[in-house]
Every structure is written in structure tokens, then in C-alpha cells.
Amino acid sequence: MKFKVNNEEVFASTGGRPFDKNKPLIIFIHGSGLTHMCWVLQTRYFAFHGYSVLALDLPGHGLSEGKSLASVEEMADWINDVIDAVGFNQASLVGHSQGCLVAVECASRYPNKIKTLSLMGGAGAIPMNPELLALAENSDPKAVDLMMDFAHGPSGHFGGHPVPGLYHLNTGSMLVQSKEIKDTLGVDFRACENYTNGFEAAKRLDLPTLSILADKDRMCRLKDGQKLADHIKGSEVHVIKNCGHMMLLEEADQTLAILKKFILDKYPICLLYTSPSPRDRG
């Protein structure tokens, strides 16, 4: 699906189903340098079970036009603009890594717009390794290799994936196919490095929040994710064992199961939508 935000074309996956304004909206926000493709399993489930789904390519990423946004604050405002652009008053946000920073900041700025937050591999701050940041800002492909190696836990370094055709570590190849690394990953890393408002934003939140963390996460450590959750009133926390930062790929089935339970409970299908067709109930 393509639509305009601030006069620039945005691409979002709708999970294989037509976008429907009569269904509750879930927006998926990817991590640094990545695209909508990271969410392929999660988005398909919700799209086929009564929700409208937008797995966004942030500006300058994937198939979206424009330049990458230089700060988490700008990204948060942009998510609010997306909600307006597609004609909704509210949405549920699901973010991974940098996407968690964006989701928390957006919910703190626009509390009446956000129904629930689901945070995967998040933290209140994500300071960057100086060498990795320099590699990314110099468009060095080693930045992609190092990030994907560091972001995966033990199981993620082996083959196999619940989504046919995907292989964990090769997900990073999408970063270098059509965009300069410095213009996506480098800008994103710098935005994470500069963002300092995470815990203050979290303190202001008063909405259903889920934090999915991993015990082998080396990019946003378990204790850092727990610290963020502790700042959010009533946040639910689930820890996935023997998993790294890319839990949405490494443990896609388990991640989806946790996310399903939370969203179906906290953000039920609206009354305007009656029931899925027999094909959609699987």
C-alpha cells in the first residue's frame, strides 16, 4: 500500500489483506536501517484476523520516499502524521529496537492517539558503539555484517526460520540493495545515539504496554529493557529464553504468540467489524 505523508510517498505492507478503515489499526515500526520485511509473520496473522495492518518503511527506507529522519522525535511526529494520513483517530503501535524509542516518544506526545504499545527488544536509551556508528556513517558494509551478527542470539546463527524463504543473518542484505548505508543505518544509529528522553517519556505513559525481551540480547540488554518497563505504569514483561535482539525473526512464533495474547485482550476487534470469513479464521 502506498499513500502520502507530508507530500512524500510512503510504503507499508498490509499483511496480505486489503486495508480496511472499519477495522482497528496496528502500526509496526521497524528498527535501525531495516524495513517492513522484518514483520512478515506478525503482520500476516493480524491482517487475517480482523485488524488493519501497516508495517511501515520509514522515510528513506525500503520503498518509502524522502530522506531518513534525523531524530527519534521527528520519527514520533511522523507516526502521528501517518495515523492522520490514513484517516484513523487511534492506532496500536508495535516497535522493535529503535522502533521502541519511536513508539514510546509518540505515545508520550500523542496520548489520545495510541491505544496500546508493544515493545520488542527495547530500552530507554540505545547508546551506540562508536566503531559501529562510524562504519555505518561511512557507508561501510561491515556495519551491516557486525550489526546482524551482534543482534542475533545463539539460535539465530543457525539456519532455519518459521517463515519460508527467510534466513536470519541474511536479513541485513536488504540494507545495501537500494539505499546507501550511511543514509539509512547511519542516520538511524545517530538518532538512537542522540535520543535521551526515553525514560521521561515512559514515565508519562498510561496505557496498556507490553515489553518482549530476550535473555541473550546484546544490543538492548535484558536489564535495560526491564528498566524501561519499570518506568511504564503497569507494563507487562515477557522474557524469551536463549534468544537475541532480533526476536521477531529468531523466535517469530513465540513472539507472535505473546503479541497475539496481549493485543487481542487489550485492543479487541471493533464492533464495526463483525467476524472474519471462514478463510481468515485459520
Side-chain angles (χ1 to χ4, degrees), residues 27-34 38 42 71-76 79 92-111 114-133 146-147 149-154 156 188-251 254-255 257-259 261-263 265-266:
I27 294 177
F28 291 78
I29 310 170
H30 62 72
S32 295
L34 299 176
C38 297
Q42 293 84 4
S71 72
V72 168
E73 292 86 351
E74 289 179 82
M75 297 176 204
I79 295 296
S92 184
L93 302 184
V94 182
H96 171 248
S97 191
Q98 173 189 279
C100 294
L101 301 180
V102 176
V104 168
E105 182 67 25
C106 182
S108 72
R109 289 176 174 233
Y110 306 99
I114 311 304
K115 293 290 290 185
T116 73
L117 285 183
S118 299
L119 310 175
M120 299 184 190
I126 308 179
M128 300 305 305
N129 177 285
E131 294 183 10
L132 180 58
L133 178 59
L146 288 173
M147 182 186 79
D149 178 71
F150 201 61
H152 285 82
D188 289 348
F189 278 176
R190 179 60 66 181
C192 289
E193 172 73 14
N194 291 342
Y195 183 64
T196 61
N197 192 51
F199 294 114
E200 289 303 313
K203 290 178 184 178
R204 295 194 292 271
L205 300 182
D206 187 12
L207 76 169
T209 302
L210 168 70
S211 292
I212 304 177
L213 308 174
D215 65 347
K216 304 297 184 184
D217 193 334
R218 295 183 291 173
M219 298 196 77
C220 293
R221 296 171 299 176
L222 176 59
K223 67 176 184 179
D224 296 325
Q226 184 64 63
K227 182 179 178 182
L228 174 62
D230 290 343
H231 280 73
I232 301 174
K233 180 181 178 181
S235 177
E236 297 182 21
V237 177
H238 290 262
V239 178
I240 299 178
K241 301 293 185 182
N242 197 37
C243 181
H245 188 61
M246 295 295 292
M247 69 276 289
L248 71 170
L249 296 176
E250 280 186 73
E251 294 291 345
Q254 190 175 167
T255 301
I258 297 168
L259 191 61
K261 185 177 185 301
F262 174 77
I263 288 183
D265 179 49
K266 304 298 185 182

Could you pull out the closest heavy-atom pair between [X] and [Y], with the gap in Å?
X      : Y      : value
Leu146 : Leu132 : CB-CD1, 4.1 Å
Asp188 : Gly33  : OD2-N, 2.7 Å
Leu228 : Gly124 : CB-N, 3.7 Å
Val239 : Asp215 : CG1-N, 4.1 Å
Ala201 : Leu205 : O-CG, 3.5 Å
Ala229 : Ser235 : O-CB, 3.5 Å

From [X] [atom1] over to [Y] [atom2], what is the distance, rounded to the nearest 0.5 angstrom?
X      : Y      : atom1 : atom2 : value
Asp217 : Met247 : CG    : CE    : 5.5 Å
Asp230 : Lys227 : CG    : NZ    : 10.0 Å
Ser108 : Glu73  : OG    : CD    : 9.0 Å
Met120 : His245 : CE    : NE2   : 11.5 Å
Leu34  : Gln98  : CG    : CD    : 9.0 Å
Ile258 : Ser211 : CD1   : OG    : 11.0 Å

Under 4.5 Å between any side-chain heavy atoms of [X] and [Y], yes or no?
X      : Y      : result
Ile114 : Ile79  : no
Leu210 : Lys266 : no
Leu207 : Pro111 : no
Arg190 : Leu133 : yes

Exercise. Taking it one step at a time, do Gln254 and His238 satisfy side-chain contact (heavy atoms from CB on, under 4.5 Å)?
Worked result: CA-CA 11 Å; Gln254 190 175 167; His238 290 262; over 6 Å; no
For [X], enumerate each residue passing the side chain to side chain donor-acceptor pair (under 3.5 Å) test, keeping only those at least two apart in sequence or located in another chain.
X      : value
Ser71  : Glu74
Ser118 : none
Glu131 : none

Problem set entry | Asp206: salt bridge (Lys or Arg N to Asp or Glu O under 4.0 Å) partners, not counting sequence neighbours |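 Once residues adjacent in sequence are excluded, the partners of Asp206 under the salt bridge (Lys or Arg N to Asp or Glu O under 4.0 Å) criterion are Lys233.
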For this session: If a pair satisfies salt bridge (Lys or Arg N to Asp or Glu O under 4.0 Å) and one of its residues is in residues 116-130, list it, with sequence neighbours excluded.
Result: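 Sorted result for residues 116-130: empty, none.
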Problem set entry | Criterion side-chain contact (heavy atoms from CB on, under 4.5 Å) on Met147 and Phe189, from CA distance to verdict | CA-CA 11 Å; Met147 182 186 79; Phe189 278 176; 3.6 Å; yes
In chain order, what residues pass the side chain to side chain contact (heavy atoms under 4.5 Å, CB included) check against [X], with sequence neighbours excluded?
X      : answer
Glu200 : Asn197, Lys203, Arg204
Lys115 : Gln90, Tyr267
Cys100 : Leu119
Pro127 : Ala125, Glu193

Exercise. Taking it one step at a time, do Ile29 and Met75 satisfy side-chain contact (heavy atoms from CB on, under 4.5 Å)?
Worked result: CA-CA 10 Å; Ile29 310 170; Met75 297 176 204; over 6 Å; no
Problem set entry | Qualifying ring-ring contact (aromatic ring centres under 6.0 Å, His included) pairs with a residue from residues 191-228, counting only residues at least two apart or across chains |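 Checked against ring-ring contact (aromatic ring centres under 6.0 Å, His included) - neighbours excluded - the pairs reaching residues 191-228 are Phe199-His231.
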For this session: Check step by step if side-chain contact (heavy atoms from CB on, under 4.5 Å) holds for His96 and Thr255.
Result: CA-CA 12 Å; His96 171 248; Thr255 301; over 6 Å; no
For this session: Output all residues satisfying ring-ring contact (aromatic ring centres under 6.0 Å, His included) with Phe28, sequence neighbours left out; order by chain, then residue number.
Result: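 ring-ring contact (aromatic ring centres under 6.0 Å, His included) list for Phe28, sorted by chain: Trp39.
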For this session: Evaluate whether atom CZ of Arg221 has more than 12 neighbouring non-hydrogen atoms of other residues, nucleotides or ligands under 6.0 angstrom away.
Result: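 Incorrect, the count does not exceed 12.
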